[in-house]
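Notes follow the structure.
Keep in mind that the numbers below use all heavy atoms, side chains included, and drop hydrogens, waters and symmetry copies. Note that the coordinates shown come from a computational prediction; the quantities given were computed from them, not determined experimentally.
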Amino acid sequence: MDRLEGRHVVVTGAGRGIGRAIALRLAAEGARLSLLARGLDGLEATAADAGGAFAAAVDIRDEAQVERGFAAAAEANGPMHALVANSGLGGPNEPGEEDRFHDLVATNLVGTYLCARAAQRHLAPGPERRDLVVVASILARIGVPGYTGYCASKAGLLGLVRSLAAELAPENVQVNAICPGWVETDMAREGIGLLAESLGVSWDDAFAEAMREVPLRRMSQPEDVAGTVAWLLSPDSRGVTGQAVDQNGGAVMP
């Protein structure tokens, strides 16, 4: 398929997991890719597997790095037609001296905002449609004890998406979010491990307990989310904006 032929798409957090799967799917659909992540470990391999995509190390919490990274991507691949803001930080946080709340919000919410604004400054001229897609989480929909930072930051992304969708609609820019549930990644395996520890059970028993809340009784694969991203960037999604697409096996049905 070549639905994205010639379109320059920036993918953040593309070194592993969902971001890597998104990059490979978009490359297969003909996109010209710029890949960003905090470190080059894994990112360069994704870039090579995606056909030689541009790759750069960018910490999205640092506005100056974001500006330089997006400017370099535009210089390498031209004006941007889409951003897939996938970079994020996971895990729990607890009150006290080691509270990670600030870092979670600075990465997941503020960092995504910085990327969206940087992409906006480098968007290809209209009137053709352009897209911003944000990878949020099922935890944007529900609260989980011990995950105040992650839940707050991901819920904030939905407000950001709705506001940007309304703001950029006159320029024919569609802005949407995806809210994955359990996806088979390192982050998910770590989450199951923490659940096992809190319940005092094995990893397999914790996995079974987690899947009890999922009607389809399975974790999604990174490629599943990548397929949804590809659809959101395709002509088939024309008119879809300001939406949060829930892809969680039926665990949450708003």
Side-chain angles (χ1 to χ4, degrees), residues 4 7-14 18-19 22 26 31-34 36 58-74 77-89 104-141 149-180 225 228-247 254:
L4 304 178
R7 289 172 63 83
H8 177 197
V9 183
V10 177
V11 182
T12 68
I18 292 173
I22 290 170
L26 300 185
R32 188 168 66 253
L33 295 178
S34 294
L36 309 177
V58 172
D59 185 339
I60 65 170
R61 299 170 299 179
D62 186 320
E63 186 170 3
Q65 285 193 40
V66 171
E67 292 297 330
R68 289 195 297 269
F70 276 78
N77 281 324
M80 298 166 187
H81 299 88
L83 164 68
V84 181
N86 169 73
S87 282
L89 184 64
L104 287 159
V105 173
T107 303
N108 297 342
L109 181 55
V110 179
T112 297
Y113 174 79
L114 295 176
C115 290
R117 289 305 193 193
Q120 183 183 355
R121 284 188 282 276
H122 291 285
L123 285 178
E128 75 170 314
R129 173 185 142 199
R130 282 102 352 117
D131 292 89
L132 305 179
V133 175
V134 171
V135 179
S137 169
I138 190 175
L139 296 195
R141 301 291 200 187
Y150 192 78
C151 290
S153 61
K154 292 295 186 175
L157 288 177
L158 301 191
L160 175 65
V161 161
R162 289 190 288 266
S163 185
L164 283 175
E167 180 179 318
L168 300 180
E171 302 174 32
N172 200 23
V173 178
Q174 294 185 187
V175 186
N176 292 288
I178 300 176
C179 296
V225 181
T228 302
V229 171
W231 173 74
L232 282 171
L233 298 184
S234 78
D236 292 335
S237 70
R238 185 172 63 178
V240 178
T241 196
Q243 303 304 307
V245 180
D246 292 290
Q247 190 165 10

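Atom CG of Leu157 and atom OG1 of Thr112 lie 5.0 Å apart (nearest 0.5 Å). Atom OG1 of Thr241 sits about 5.0 Å away from atom CG of Asn176, to the nearest 0.5 Å. Note that the CG atom of Leu83 and the OG atom of Ser34 stand 10.5 Å from one another [nearest 0.5 Å]. Taken to the nearest 0.5 Å, the OG atom of Ser87 stands 9.0 Å off from the CG atom of Asp59. His8 NE2 to His122 NE2: the interatomic distance, rounded to the nearest 0.5 Å, is 10.0 Å. Note: Gln120 CD to Leu164 CG = 7.5 Å, rounded to the nearest 0.5 Å.
Closest approach of Ala244 to Leu158, counting heavy atoms only: CB-CD2, 3.9 Å. Closest heavy-atom contact between Val240 and Gln174: O-NE2, 2.9 Å. Between Met80 and Ala119, the shortest heavy-atom contact is SD-CA, 4.2 Å. Residue Asn86 comes nearest to Gly13 through the heavy atom pair ND2-O, 3.0 Å, listed as atom of the first residue, atom of the second, then distance. Taking every heavy atom of both residues into account, Gly19 and Val11 meet most closely at O-CG1, 4.0 Å. Nearest heavy-atom pair, Ala116 versus Leu132, reported as atom, atom and distance to 0.1 Å: CB-CD1, 4.4 Å.
By the 6.0 Å contact criterion, CD on Glu63 is open, its count of non-hydrogen atoms from other residues, nucleotides or ligands being 12 or less.
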Worked verdict on Asp236 versus Arg238 for salt bridge (charged side-chain N to carboxylate O under 4.0 Å, His left out): CA-CA 6 Å; Asp236 292 335; Arg238 185 172 63 178; over 6 Å; no

Pair Val110-Arg61, side chain to side chain contact (heavy atoms under 4.5 Å, CB included): steps then yes or no: CA-CA 7 Å; Val110 179; Arg61 299 170 299 179; over 6 Å; no

Working for salt bridge (charged side-chain N to carboxylate O under 4.0 Å, His left out), residues Arg117 and Glu167: CA-CA 12 Å; Arg117 289 305 193 193; Glu167 180 179 318; 2.8 Å; yes

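With Ile60 as the fixed residue, the side-chain contact (heavy atoms from CB on, under 4.5 Å) test singles out one of Leu36, Leu114, Leu89, Val66: Val66.
Formation of a donor-acceptor pair under 3.5 Å by the Lys154 side chain with backbone atoms of Val135 is found in this model. With Thr107 contributing its side chain and Leu104 its backbone, the two residues share no donor-acceptor pair below 3.5 Å. Side-chain atoms of Ser137 do not come within 3.5 Å of backbone N or O of Cys179 as any donor-acceptor pair. Side chain of Ser163 to backbone of Leu160: no donor-acceptor contact under 3.5 angstrom is found. With hydrogens and angles ignored, the 3.5 Å screen pairs no side-chain donor or acceptor of Asn108 with any backbone N or O of Tyr150. The backbone N or O of Val58 lies less than 3.5 Å from no partner atom in the side chain of Gln65, so there is not a single donor-acceptor pair. Side chain of Ser237 to backbone of Trp231: a donor-acceptor contact under 3.5 angstrom is found. Side-chain atoms of Arg32 do not come within 3.5 Å of backbone N or O of Val9 as any donor-acceptor pair.
At a threshold of 4.5 Å between non-hydrogen side-chain atoms, the residues Arg7 and Asp131 count as touching. With contacts defined as side-chain heavy-atom distances shorter than 4.5 Å, the pair Val175/Leu168 qualifies. Within the 4.5 Å cutoff, the side chain of Asn172 has no heavy atoms near those of the Pro127 side chain. Side-chain contact between Val10 and Val84: absent, with no pair of heavy atoms (C-beta onward) separated by less than 4.5 Å. Between Arg129 and Val173 there is no side-chain heavy-atom pair separated by less than 4.5 Å.
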